[in-house]
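To keep things clear, I will list the structure first and then write my remarks on it.
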Amino acid sequence: MREAGRVLTADLRVAAELLRNASDVTLLAHVNPDADALGSALALGLALRRRGVTARVSFGAPDEVPESLRGLDVAGLLVPADLVPDEPELLVALDAASAARLGRLANRLATSGHVLVVDHHASNTRFGTHHVVDDSAESTTVLVLALLDELGEPLDADIARCLYAGLVTDTSSFRRAGERTHQTAARLIAAGVDPDELGRALLDTHPFAWLPMLARVLARAVLEADAAGGHGLVHTSVTLDDQRDVRFEEVESVVDILRTTVEAEVALVLKEKAPGEWTGSLRAKSAVDVRAAAVGLGGGGHRLAAGFSATGTAAEITERVRLMLRNPVRLVTS
């Protein structure tokens, strides 16, 4: 994260004061929570509970916590969406760029006393009453760490693991990380994180069923070398049938394999959620801003990693993406 400017510093102070005065806090991750969303919520929840605050963590969908993330909830902070209070005293939305990303829990925004949004997406719509938003932060967990520092809360191993989980995943295992990010990681390791154990659980553990699923999905991959303004596009789809025997984590891992295709700058994976309903994951290496394409399709994200939802056939949606990438926004690289 770049040196916090005066606006962010002021926002952190206001947010910390809001948390200091709260006795009951509901922390919400976005739907289909990843390590950054859930790690952010759990880290802050652990610190608040240590301060004597009643704290709970939840998300709108799915009903089950991703298996690879369950080990982060060492204090039983996670509750089903149905048990989230109808009128939260203070609601904190983490890693959610818009109200829609909260799914069926978005209705709590209108009934909460205060809504604090903590996020690192440039497309954030600032849907709360208070905001800590910085799109230069590598992960939302980095912002939560800054907030904990503002609160004067020390790190322990449990909090550090949650923060490290978001940092290692959102930087693609530190491939997109500068000196400050590695200093942050070193601080978390010093607090008790075992990077090998946690990284293996988050990124390198799959059931055998992942292998035949991956074989089917990669077998239908298509390379379009002239797409994306000549930068190249590789794409595939994961159908409901493909997903039958695997977890959410296995489905989400496909794009990280597809993006290694050397002939393509941009990778697209369409994942079927219901007949005719899909979510899309877009990844770029360095030259194309896929966030711009995702926003054009009703989604959002980051310059090199973005997503969207769409209806239709996989072929129809791929054509829409192809058109959005025909004249891509190019990134300036040093």
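The chain is numbered in sequence order, starting from 1.
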Among [options], which residue satisfies the side-chain contact (heavy atoms from CB on, under 4.5 Å) criterion with [X]?
X	options	result
Leu167	Asp36, Thr140, Thr184	Thr184
Phe59	Asn32, Leu38, Val84	Leu38
Leu109	Leu102, Thr129, Leu28	Leu102

Close side-chain approach of [X] to [Y], heavy-atom, < 4.5 Å:
X	Y	result
Glu17	Leu19	no
Leu282	Val266	yes
Ser58	Leu105	yes
Arg303	Val290	no

Would you say the side-chain atoms of [X] and [Y] include a donor-acceptor pair closer than 3.5 Å?
X	Y	answer
Ser112	Glu89	no
Glu138	Thr181	yes
Arg56	Thr26	yes
Ser253	Asp256	no
Asp95	His30	yes

message: Among residues at least two apart in sequence or on other chains, which ones pass salt bridge (charged side-chain N to carboxylate O under 4.0 Å, His left out) with Glu263?
response: none

task: Under 4.5 Å between side-chain heavy atoms, chaining through other members, with only Ile, Leu, Val, Met, Phe, Trp and Tyr counted: pull out the rest of the cluster around Val14, sorted by chain and number.
output: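 Besides Val14, the cluster holds no residue at all.
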
- prompt: Using links of under 4.5 Å between side-chain heavy atoms of ILVMFWY residues, direct or through other members, which residues join Leu323 in one cluster?
  reply: none

Side chain Ser172, main chain Arg175, donor-acceptor under 3.5 Å: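 No, Ser172 side chain to Arg175 backbone: no donor-acceptor pair under 3.5 Å.
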
task: Would you please classify the geometry between the His114 ring and the His130 ring as parallel, tilted or perpendicular, with 30° and 60° separating the classes?
output: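 His130 and His114: perpendicular rings.
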
- request: Could you give me the CA-CA distance, side-chain angles and deciding distance for Arg50 and Asp158, then say whether salt bridge (charged side-chain N to carboxylate O under 4.0 Å, His left out) is met?
  value: CA-CA 12 Å; Arg50 190 169 61 190; Asp158 293 333; over 6 Å; no

